[in-house]
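Some notes on the structure that comes next.
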Number of protein chains: 2
Amino acid sequence: MLTTSEENYLKTIYNLSESGKKQVSTNSISKFLKTKPSSVTDMIKKLSAKKLLYHKKYKGTNISSNGKKLAIQIIRKHRLWEVFLFEKLNFKWDEVHKIAEELEHITNEKLIEKLDKYLKYPKIDPHGDPIPNKNGEINIKPKIKLSNLLINNNCIVSNVNDDDGNLLEYLNKIKIHIGSKIKVFDIIEYDKSIEIEIDSKNKVFISNRVAENILVTKIN
Amino acid sequence: MLTTSEENYLKTIYNLSESGKKQVSTNSISKFLKTKPSSVTDMIKKLSAKKLLYHKKYKGTNISSNGKKLAIQIIRKHRLWEVFLFEKLNFKWDEVHKIAEELEHITNEKLIEKLDKYLKYPKIDPHGDPIPNKNGEINIKPKIKLSNLLINNNCIVSNVNDDDGNLLEYLNKIKIHIGSKIKVFDIIEYDKSIEIEIDSKNKVFISNRVAENILVTKIN
DNA sequence: TAAATAATTTAGATAAAGCTAAAAATATTT
DNA sequence: AAATATTTTTAGCTTTATCTAAATTATTTA
Ligand SMILES: [Mn+2]
Ligand SMILES: [Mn+2]
Ligand SMILES: [Mn+2]
Ligand SMILES: [Mn+2]
């Protein structure tokens, strides 16, 4: 059994190693979790001793297959709770992450199975992220950055960086959410900002930075 | 903001002081929480410093009005989660307490309000205990021990000691649950065991000890 | 490539929540 | 009213998860 803190580290290291190189740096973990690098080093030692990570001093960390399994189950819980909060309690999709960050640490096999059933075995969470099944299998569909589309491309928003509350709030305001249909109208050469049409209604300009943090699946 | 441990102590002290004398002993807390008396003394100091308890060395502890308010809100959360687990996730009524013991510590005003609404503002939990409202008001109805009834009395089971897993399991087996209608058929003088009829169906004998731990409201 | 800079680890400290063993206060028996 | 037993507190220790400051290793730059 892992402590809440161990679980948070493990999940972070899993996420960082999925979204980039396999070797995760101490600083990147520290930055994400807002703890000091020395604290990260301590925790890496603990998790390595439990064979959930491999670590080479001064070089970097990568997750073991046992660590991966555990991390995926935490992510499963996190995303199922997000669905519950969003669909049943009617939270907005930018409010669910923080609460799920706590709920994910409640350990009770039966609880999560019953929750899954109650929610009718959802496949994606409110941010468009896939929900691993009981066996840890994840159904991943190819996603690209909205910033990579060309003029007249159409797409469905499938994912948004949910670690930044400000971004989520902004997208809420301009009515972009998971499942929104977006058409690229124009791309401004000067600053790479783009003009888009959301759900065949409002047209807005968004900065390149924003477009970089919205992942979509192309539909033509 | 209180830690999980502080919350558990505060709730325990509130419960002990409700069900008995106002002065709660260090040993009784220790017994209930399965920690050592010395650990209890430490925590009493911490909570006293926060003005949630009053404590006189070697004499005893009682809860302050601030402490009471906080304790009641924790109990509110506990019981609402129990309703969720029982009604929505279909847990048995003897399984919900343990899980709610963890869920009650998730602190988010909006979460508990939305949960309350979602559950349609329930008045009692699956063990028959009243659920305090947002303002901490509790609607308490008079309850008596099943062991205090006389022959031919009828009653509704309203409450069962939910701290003892074994008792709950046993009652589940003989199909006694909150809301069950019970008629006292016979009282055995020798050991005060009683013969009861449950929901106008099965007749069973239960020991005096069991009857002492079932609270009911008389219906005639 | 040597110096400067950045990243990482180590050493040592702190706070929370528990523990054991011993001391002190209170309660109960002879 | 002593003696004995029980309850409670104190003193000191442990583990977990943080931190700061200093040391070490790796990387970048001049
Ligand atoms: Mn978390
Ligand atoms: Mn999510
Ligand atoms: Mn609890
Ligand atoms: Mn209950």
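Each chain gets a letter, A, B and so on, in the order its sequence line appears, and its residues count up from 1. Since we're looking at a predicted model, the values are computed, not measured. Just the heavy atoms: all of them, side chains too, but no hydrogens, waters or symmetry mates, feed the values below.
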Polar pairs (N or O, both sides) under 3.5 Å between protein and nucleotides 23-28 of chain D?
{"from": "D:dT24", "atom 1": "O2", "to": "A:Tyr58", "atom 2": "OH", "distance (Å)": "3.3"}

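- Shown here are the salt bridge (charged side-chain N to carboxylate O under 4.0 Å, His left out) partners of A:Asp129, two or more places apart in sequence or in another chain: there are none.
- In this structure, the CE atom of A:Met1 is 13 Å from the P atom of D:dT16, given to the nearest Å.
- Between the CG atom of B:Leu33 and the P atom of C:dG18 there is a distance of 8 Å, rounded to whole Å.
- A straight line from NZ of B:Lys56 to C1' of D:dT7 spans 17 Å, rounded to a whole angstrom.
- Residues A:Glu113 and A:Arg76 are paired through a salt bridge, judged by an N-O separation under 4.0 Å between the basic side chain and the carboxylate.
- Side-chain N/O atoms of B:His55 include none lying less than 4.0 angstrom from OP1 or OP2 on D:dT8.
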Report task. Show the numbers, then the answer: is there a side-chain hydrogen bond (donor to acceptor under 3.5 Å, both in side chains) between A:Thr41 and A:Ser38? Result -> CA-CA 5 Å; A:Thr41 302; A:Ser38 54; over 6 Å; no
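- Residues that satisfy the salt bridge (charged side-chain N to carboxylate O under 4.0 Å, His left out) test with A:Lys192, not counting sequence neighbours, are A:Glu189.
- Under 4.0 angstrom from either OP1 or OP2 of D:dT16 there lies no side-chain N or O belonging to A:Ser5.
- In this structure A:Glu6 satisfies the salt bridge (charged side-chain N to carboxylate O under 4.0 Å, His left out) test together with A:Lys46, A:Lys50, sequence neighbours excluded.
- Across the protein-nucleic acid pair, A:Leu47 atom CG and D:dT16 atom C1' stand 13 Å apart, rounded to whole Å.
- When rounded to the nearest whole Å, the span between CD1 of A:Ile29 and C1' of D:dT18 equals 16 Å.
- For the pair B:Gln23 CD and D:dT8 C1', the interatomic distance rounds to 14 Å; values are reported in whole Å.
- Residues B:Ser64 and B:Asn66 bring no donor and acceptor atom of their side chains to less than 3.5 Å of each other.
- Phosphate contact (OP1/OP2 of D:dT18, side-chain N/O of A:Tyr9, threshold under 4.0 Å): present.
- Summarising the geometry, the separation between CG on B:Leu2 and P on C:dA16 is reported as 13 Å, rounded to the nearest angstrom.
- Here B:Lys31 lies out of heavy-atom contact (under 4.0 Å) with every strand.
- In this entry the distance linking CG of B:Asn27 with P of D:dA5 reads 17 Å, nearest Å.
- Applying a 4.0 Å cut-off to non-hydrogen atoms, the residues of residues 36-43 of chain A that approach DNA chain D are A:Lys36, A:Ser38, A:Ser39, A:Asp42, A:Met43, listed by residue number.
- B:His105 and B:Asn8 share a donor-acceptor pair across their side chains, judged by distance under 3.5 Å alone.
- Among residues at least two apart or in separate chains, ring pair (Phe, Tyr, Trp, His ring centres under 6.0 Å) pairs with a member in residues 47-79 of chain B are B:His78-B:His97.
- Residue A:Thr3 places its side chain closer to D:dT16 than to any other of D:dT8, C:dA16, D:dT16.
- A salt bridge between A:Lys11 and A:Glu104 is present, with a side-chain N of the basic residue lying under 4.0 Å from a carboxylate O of the acidic one.
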